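Taking it in order: structure first as structure tokens, then the write-up.
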Amino acid sequence: MNDFLSPSYSAVSTPKPWWRRWWGIALLFILGGVVLLVLSISSRIYARLSQSTTGQNQNPFSESSLPPAVSASDAEKLIRSDSLVVGRSDAPVTVVEFGDFQCPFCEESFPIIRSLMAQYPDGLRFVYRQFPVASLHPDAMLAAEASMCAAEQDKFLPYHDRLFLNQSALDETSLLTYARQVGADSQRFTTCFSGHRYKSVVERDIADGTALGVEGTPTWFINGHKIAGAIPKDLFQQVVDMLLTSTKQ
């Protein structure tokens with residue numbers, strides 16, 4: 001048994017594989033970084049090649065890419081004599097929105113519109129057309145009628161803002177409360193609202209929007225060019241700037 005304790009039978013330690021040594025681990029980290037860098041560069045090159053072949057590297061709202069403006073025969077459906085208009089009648093850019101007061105995308109858009117109106121007080125005119133989608137938003141129709149009653153007292157914009165800030169509470173009682181909060185005469189508003197004075201106007205707006213191809217909200221007509229969906233502020237501003245420039249030429 002002493003033979004098993006002799007040096008010739010002592011245990012020999014197995015060398016660590018290279019990937020478990022400090023220099024091997026460091027090498028793996030370096031190789032991993034190189035692979036990630038190559039993948040990143042490759043993806044950027046691919047994206048640029050894709051953009052160059054599809055044209056997506058251009059401004060999606062460049063003048064050449066805007067859809068054609070509505071025809072002269074359809075232009076009358078954009079703005080009616082009783083439409084809700086804010087801004088100068090001679091403003092070079094007119095933004096028409098077909099909106100729904102319970103639409104979350106319209107709620108995202110209203111601060112952008114308010115900001116652009118403040119930025120271009122003489123250059124932009126805003127027109128709000130009613131397009132409540134009752135199948136999705138059961139209180140939107142009454143909210144649309146209520147906003148018309150507020151407009152009757154020159155309170156449309158503050159009421160418009162109040163509705164979007166309270167989309168979860170657009171029942172009749174709340175609509176009357178918001179009218180008082182924006183300074184409308186309660187009795188006049190209640191008479192207008194309870195009598196559904198503007199129901200036919202709202203229905204007419206819906207019919208106009210449908211005839212113009214509106215399928216959802218918000219849908220915009222910027223100097224007659226139709227753009228559906230929410231538009232980020234920077235792109236919205238690019239469109240307005242572009243059209244302002246083109247009107248000066």
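Everything numeric in this text was worked out from a predicted model, so none of it was measured.
- Between G224 and L78, the closest heavy-atom pair is CA-CD1, 4.1 Å.
- Counting heavy atoms from C-beta outward, P92 and L243 have side chains that stay 4.5 Å or more apart.
- The local environment of CD in Q119 is crowded, with over 12 non-hydrogen atoms from other residues, nucleotides or ligands closer than 6.0 Å.
- By the 4.5 Å heavy-atom criterion applied to side chains, P132 and I206 are counted as neighbours.
- For the side-chain hydrogen bond (donor to acceptor under 3.5 Å, both in side chains) with D208, the qualifying choice from K77, R80, Q130 is R80, the only one to do so.
- A salt bridge does not link D90 with R125: none of the charged nitrogens is closer than 4.0 Å to a carboxylate oxygen.
- Two rings, from F164 and Y159, have their centers 6.0 Å or more apart.
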Determine, stepwise, if the pair S186 / L176 fulfils side chain to side chain contact (heavy atoms under 4.5 Å, CB included).
-> CA-CA 8 Å; S186 296; L176 293 170; over 6 Å; no
Criterion side chain to side chain contact (heavy atoms under 4.5 Å, CB included) on V86 and M117, from CA distance to verdict | CA-CA 9 Å; V86 182; M117 290 171 62; 3.3 Å; yes
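- Distance CZ/F221 to OG1/T94: 13.5 Å, rounded to 0.5 Å.
- The line from CZ of R129 to CG of L212 is 8.0 Å long, rounded to the nearest 0.5 Å.
- Among residues two or more places apart in sequence or in another chain, the side chain to side chain donor-acceptor pair (under 3.5 Å) test is passed with E108 by none.
- To the nearest 0.5 angstrom, D205 atom CG is 6.0 Å from S83 atom OG.
- Shortest non-hydrogen contact noted between C103 and H137 is CA-CE1, 3.7 Å.
- Ring planes of H160 and F101: perpendicular class, angle over 60° (limits at 30 and 60°).
- V95 and F105 fall into different hydrophobic clusters, defined by Ile, Leu, Val, Met, Phe, Trp and Tyr side-chain heavy atoms under 4.5 Å apart, directly or through other members.
- Of the candidates D241, V240, L235, L235 is the only one forming a side chain to side chain contact (heavy atoms under 4.5 Å, CB included) with Q238.
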Full working for side chain to side chain contact (heavy atoms under 4.5 Å, CB included) between I112 and I231 = CA-CA 9 Å; I112 296 175; I231 306 174; over 6 Å; no
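- Annotation: side chain to side chain contact (heavy atoms under 4.5 Å, CB included) contacts of S200 (sequence neighbours excluded): none.
- Here the side chains of L66 and M242 are in contact, with some heavy-atom distance below 4.5 Å.
- Among residues two or more places apart in sequence or in another chain, the side chain to side chain donor-acceptor pair (under 3.5 Å) test is passed with Q102 by none.
- The two residues P218 and A230 have their closest heavy-atom pair at CG-N, 4.0 Å.
- Atom CZ in F156 sits 4.5 Å away from atom CG in L84 (nearest 0.5 Å).
- Interatomic distance, CZ of R204 versus CG of D82, reported as 4.5 Å (0.5 Å rounding).
- Nearest heavy-atom pair, Y128 versus G99, reported as atom, atom and distance to 0.1 Å: OH-C, 3.1 Å.
- Within the 4.5 Å cutoff, no side-chain heavy atoms of V182 are placed close to those of Y178.
- Contact record, D100 with A140: OD1-CB, 3.3 Å, taken as the closest heavy-atom pair.
- Contact annotation: the side chain of D139 never approaches that of Q167 to less than 4.5 Å [non-hydrogen atoms, C-beta and beyond].
- In this structure, OG on S174 lies 7.5 Å from CG on N166, to the nearest 0.5 angstrom.
- Applying the side chain to side chain donor-acceptor pair (under 3.5 Å) test to pairs two or more places apart or on separate chains, those with a residue in residues 187-197 are E145-H196, E152-R197.
- Considering only residues two or more places apart in sequence or on other chains, C106 meets the disulfide (SG to SG under 2.5 Å) condition with none of them.
- Of all the heavy atoms in F193 and L142, the pair that sits closest is CE1-O, 3.6 Å.
- For residues 215-235, the set of pairs meeting the side chain to side chain donor-acceptor pair (under 3.5 Å) definition, not counting sequence neighbours, comprises S115-K233.
- Using a 4.5 Å cut-off on side-chain heavy atoms (C-beta onward), F126 and V85 make no contact.
- In this structure, V202 and F131 have side chains that are not in contact, with every pair of non-hydrogen atoms separated by 4.5 Å or more.
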